[in-house]
Structure formats: structure tokens, C-alpha cells
Chemist: 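Input: one structure, supplied below.
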Amino acid sequence: MHWSNLFIPTLRENPTEAEVVSHQLLLRAGYIRPLAAGLYSYLFLAQRSLRKIAQIIREEMDAIGAQEFYLPEMHPAELWRESGRWEMMGDNLFRLKDRWGRDMCLGFTEEEVMTSIARSEVRSYKQLPQIWYQIQTKFRDEPRPKSGLLRVREFIMKDSYSFDLDEAGLDVSYQKHHHAYCRIFDRCGLQYLVVEAHSGAMGGSQSHEFAIPSDAGEDWIAVCAGCGYSANLEKAESRPMPPAASDPDLEAKPEKFATPNRKTIAEVSEFVGLPDSSQIKSLVMVAGDKPLLVLLRGDHQLSETKLASAAGGEVRPAHPEEIRAWFGAGAGSLGPIGITNMEILADEALRGRRNMICGANEDDFHLRHVTPGQNFQARFLDLRAAAAGDGCIRCGATLDLKKCIEIGHIFKLGYRYSQSMGARVLNAEGHEVTPIMGSYGIGLERILTSAVEQGHDKDGMCLPPSIAPFDVVVTPVNFNDDAQRRAAESIYTQCRAAGLDALLDDRDERPGVKFKDADLIGVPFRINVGKKLPQGVVEVVTRRARQSSDVPLAEAARAVLERKTA
RNA sequence: CGGGGCGUGGCGCAGCCCGGUAGCGCACCUGCCUUGGGCGCAGGGGGUCGGAGGUUCAAAUCCUCUCGCCCCGACCA
């Protein structure tokens, strides 16, 4: 294509609203323009890149026997009521009414639609397994869209769904997806982690997340440098660092002492001259309408996800009035001793500890010499969030926390949807059974965004050739020079004949402008046709490495092809 | 939903405190010039100052309300 005819509105300066690099560059390079909060128009370059990403995904999904569908993105509420998600999704679901007043919603994911097709058409185990997918727009009414294309209200997702007769079959479908996802992200030129993930409130037994380490990300991933264990912080287990001070070795009874105006862990620590890890942190949470007293080591943080799993549902912090009513004291003076009106859950890190400090359930008083399991009883389980510096649960090496972008998620759904929506097949014995499902998502824009986050420099993007909008740009340094122009045209034709996505920068601009623009939009290779032309030589420049080499005119296209596939 | 910030030509900003003819850089158009990293010179077009109401002889500027956007937090299979 000829650049002079294209709409590639590059900007010299960064728009102020953009903070993360990928957002700035996608705007500056003329890939996208904002329409409203969390809604972007994908201009020519973005669309080309997304099409390449979609094609890679399509090829790899097809390779595992998945079948592409095209589904409605506007759904009747009835389907969502059947699965229970109409109520569960809350404000995140885009809802609307048709002219007859019937409730509708915009596609969030497609479990309901896929399951409804399966239940009405799939009758026999002989038809299983099935893997169905789509690459379409999804809608989520995010409370806070942010970071360019990273968190938006309308985006493109590849989501697939597997239907199997039994768990062994689901394992196979899951592994196929795991494999396909690795192929997809490899081909997109991304460096990613495969991490154990929380399977969520929707049930499900196993889940992995594909994560791109990046400061722009919103997920925290715990990574072990020793054995490679990695898990989403919502799920990660760890061995805590030992307490900063050893427990006093003495037989003593809990003893009340005054702590005037000391409410926080830090204030009490300073007052008693002991580290945070010598204290018991007491949090009051509410699951449904049931209060829970949650105990952690003073320097640890609660993982609400782990607590929710333990409690079997969503949890929230108790309100100050509730705490006052249940404990007779404020939040700064709580402890487990004497508490009989609610269940007490204690983090594993408190097991075996002795003579610790906790609140006395009386304002401005604490207790010392409190020994878990002796002075109070509790259910011990893993409740704390892993922290950087903790030991790996598998090998003991030090865990690191990395911020990541979640680009893909695979998920054993189990019977959640097939059960509630009544999908049934006959098995080999002629008995009616419920098929087991998996669901598997990839965010297309997040692949592009991650590629920019991982590949950029001060001049712009350095996109991997597989997903860049063009492979190569041919740049005659002086387009008014007839010889250069003719040579550039001929090289451009050569490139196209070689199967390269080529762009000819035929604009009557100064060389600096052309070079800057080419760097900005991230085309992986550039062929400069300039002052060496009289010797029959042009330059092939690799964007990412900023390497330039002289090649004979006739070999320019082949040189790019070699570098692209290298 | 809580906290903070910002809305002035396509983009980046100044002007606002202390009311008095709306400005700068880039981009855009015309001409000349120039051609290896966002040239140079000259001329030119383009703005309901987010919106509504109020105060005032007079509002981009002061007051009230409102809308939008960004950031932090909460939220987020």
C-alpha cells in the first residue's frame, strides 16, 4: 500500500490522558482513537494488527479441532436467569430492554448461549467431545475503564467452550487448550507466564492464567525463581518468613494491660517494643449474614479470595457498629479470647506460636501471653496473601511478586452450566448424564497492548512481525528523485511478490519525518532507498535491534524475508 | 461508590489568583526553498473558552449546578 493514500494519523506529542506506554503509543501511532470512556475506535493499523492476531488464534484453535461459530451478542435475559448469572453479574452486565419491554443483555461471555445450543442439539455421548469457539466483541460495564485498551467496556475476545462426557475427557480438552494457548502466545512473540489461578466463585476445579509481566498490569503473580512455581496472588500459597522475634518461652496466662489510644498493629508494636509478627491481627468479616473472626499474624495481609473460598461465598468487612455490638469494643482492640458468638478462623502461620499479643475486646486494652490453640480454639487454614520474600511452598526458594497483564485464562467449569441449564446426553449404557464443560478466553486487544508494553523504545513500538500491521516499509529518502522513486516502487513490488505485507512511503516528506513515523508505528523492517542507490545498494534496517545492513537492490525483499523468519 | 486532577482551534499548553478586544508551539492551507532523523522563509484559515444558570456596564476569568475525561482506591469467572 502507498502511505500517501492511507489514514495513519500520527501525533508528535503524547495526549495527556494517556499514562501507560502502550496507551500513549497506540494513540500517537494512529492505531486507535477514543470515543468514550472504555470505548475505542480501532483505526486502520490496529485493525490490521488485530486481524493478524485473530488469524493466529484461529489457526491454532482449528489445529486442536475446535470449531468457530458466530453467535448473537444480544441475549435474552431468560437464558441468563437460568444460569443464575442475571442476578449474579450486577452492574457489570450491560442490560437493555427491547420495544416490548423484554429484558436483554449484551454478551459478557457465551456460556449460556453455547450451553443452550448443546442442550438442544447434543443427544449422545457419540457426539462428544465438542469444542466450540467464537472471536467476537464482548461488553462489560466496567466501573473504571483504564489504561487504554487494557480495561475497556467493549473488546474482542476469543472464547471457547468444551463439552465432554466425563472428567477424563475434560482433562484432554483442557490440555489441548493449554497447548494451543502456548502456541498462540509464542507465535505472537510474547514472553508470558503460565500461572495457577483461582477458579472463581463459579465453581470449577482447575484454572490457569496466561500472564504478561508488565507494570501496566493489574494482576499480582507470585513467581518462584527456584522451581518455577507461579500462581495468581489470589491463589498463591507460600511459607511465611519466620517471625521477626522468637516467642517468649514461658508458661503464662493471658494478661491484660493498658494500651491507651493504640489501635493499629503498628501503634501497639511500637508501644510494647515488639515487632508486628508478635501480634495477632483480628479482622471481623461477614459471609452472607454470618460473622467470622479472622486471625492473622500481625505483619500478614488477608486474602479475601481465600477467605471467600473457605466461607463458601462472598465476604465483606464488618461495619464499625456491627463490631461494637458483637465485641463490645472497637476494631483496634479485638481478639479471640472469650469469643463464642462466631466462628474463629486462624491462618496457618499462627499454628504453634506462643505468648502473642492481641486485643482484649475492651477499648484501650490488649492481652499478652496469648497462645493459639491453648487460650482459644480456631479452625486453622491458609488465609493470608503471599508476600514478596516469602518462601516457595514447593521448594522453599524466595518468592517474587510481579505485576502482570492477564491475556488468557483456561478454566475447568465442571457442571455449573450444563447442570443448571439442563444439558443431558445418553452415555454408552443408555443412561442420561450431564456433560462436563470447560471455558477458555483470550483478550485480543490485550495481546496487542502487551506486545507494545514488551516491545517499545523512545521512538515508538517494536512489534513482532507476526502481529505488526506491516512487515516492511520501503522508504525512498527523497521521493522527488526519480531514480529513488522507481527503485522504491520496484522493491515494493518485489516485497509483495515475496509475500510480505509491504508499505511504500511515497509521501513527499523530509526523510526525518518518514523515519520517525516508521519507527513510531513499529513496522519491523525498513528498506531505505537513498544515496547508495547509484552503487545499486539499499539499506535493510531492523526496527527492534536498530541494525542496518547494505544489500544489493535486487536482494532487498529476500533479505527482509530472511530476517523475518530468522 | 469514596478521594484527587483536568476541560481554552486537530494535538500540547498559557491566560483565570487580581473581570475589560482570546494567545503561543506543533499540525493544517498557499507560495518559495530544502531532501539521510519530526528543515527554512513568507502569507493564511480555523476557537459557542465542556454545558446551563447567576453576579456585573462587562465573564475564559467570580458564584451555583451539571456533563465529560484522567489518576488513586473500592470493584472486577
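Only this structure's heavy atoms are used, side chains among them; waters, hydrogens and symmetry mates stay out. Note that the structure is predicted; figures quoted are calculated from it, not measured. Sequence lines set the chain letters: A, B, ... in the order given, protein chains first and strands last, and positions in each chain run from 1.
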Chemist: Could you check how far CD of A:Glu142 sits from P of B:C1, rounded to whole Å?
Modeler: 16 Å
Chemist: How many Å lie between CG on A:Leu35 and P on B:C70, as a whole number?
Modeler: 12 Å
Chemist: In terms of ring plane angle, is the pair A:Phe108 and A:Trp80 parallel, tilted or perpendicular, where the classes change at 30° and 60°?
Modeler: perpendicular
Chemist: Paired with B:U21: which nucleotide, if any, by Watson-Crick or G-U wobble criteria at under 3.5 Å for both distances?
Modeler: none
Chemist: On a plain distance test, is the side chain of A:Asn478 in donor-acceptor contact with the base of B:G36 below 3.5 Å?
Modeler: no
Chemist: State the pairing partner of B:C39; accept Watson-Crick or G-U wobble contacts with both distances under 3.5 Å, and report none otherwise.
Modeler: none
Chemist: Quick one: list whatever passes ring pair (Phe, Tyr, Trp, His ring centres under 6.0 Å) with A:Phe210, sequence neighbours left out.
Modeler: A:His178, A:Tyr181, A:Phe185
Chemist: Both A:Thr10 and A:Val20 contact RNA chain B. Which one's nearest nucleotide lies toward the 5' end?
Modeler: A:Thr10
Chemist: Nearest whole Å is fine: how far is B:A77 P from A:Glu304 CD?
Modeler: 13 Å
Chemist: Between atom CZ in A:Arg507 and atom P in B:G37, what is the gap in whole Å?
Modeler: 15 Å
Chemist: State which residues pass ring pair (Phe, Tyr, Trp, His ring centres under 6.0 Å) with A:Tyr440; sequence neighbours excluded, sorted by chain then number.
Modeler: A:His177
Chemist: Show every salt bridge (charged side-chain N to carboxylate O under 4.0 Å, His left out) that has at least one partner inside residues 7-32 of chain A, sequence neighbours left out.
Modeler: none
Chemist: A:Glu509 has an atom CD; how far is it from atom P of B:A27, in whole Å?
Modeler: 9 Å
Chemist: Return each pair, listed once, that meets salt bridge (charged side-chain N to carboxylate O under 4.0 Å, His left out) where at least one residue sits in residues 475-492 of chain A; pairs must be two or more places apart or across chains.
Modeler: A:Asp482-A:Arg485
Chemist: Specify the separation, in whole Å, of atom CZ of A:Arg510 and atom P of B:C39.
Modeler: 7 Å
Chemist: Using the test ring pair (Phe, Tyr, Trp, His ring centres under 6.0 Å), find all partners of A:Trp132 that sit at least two apart in sequence or belong to another chain.
Modeler: A:Phe69, A:Phe163
Chemist: Go ahead and name the base partner of B:G73; Watson-Crick or wobble counts if both distances stay under 3.5 Å, otherwise write none.
Modeler: B:C1
Chemist: Report, as a single string ordered 5' to 3', how protein heavy atoms within less than 4.0 Å touch nucleotides 8-13 of chain B: B base, S sugar-phosphate only, - not at all.
Modeler: ---BSS
Chemist: What is the distance from CG of A:Asn480 to C1' of B:U35, rounded to the nearest Å?
Modeler: 8 Å
Chemist: Rounded to whole angstroms, how far apart are CZ on A:Arg144 and P on B:C70?
Modeler: 9 Å
Chemist: Check whether any side-chain N or O of A:Lys146 sits under 4.0 Å from OP1 or OP2 of B:C72, and answer yes or no.
Modeler: yes
Chemist: Would you classify A:Ser147 as touching base, sugar-phosphate or nothing, given that sugar-phosphate means primed atoms plus P, OP1 and OP2, and contacts are heavy atoms under 4.0 Å?
Modeler: sugar-phosphate
Chemist: Check whether any side-chain heavy atom of A:Ser303 lies under 4.5 Å from a side-chain heavy atom of A:Leu307, and answer yes or no.
Modeler: no
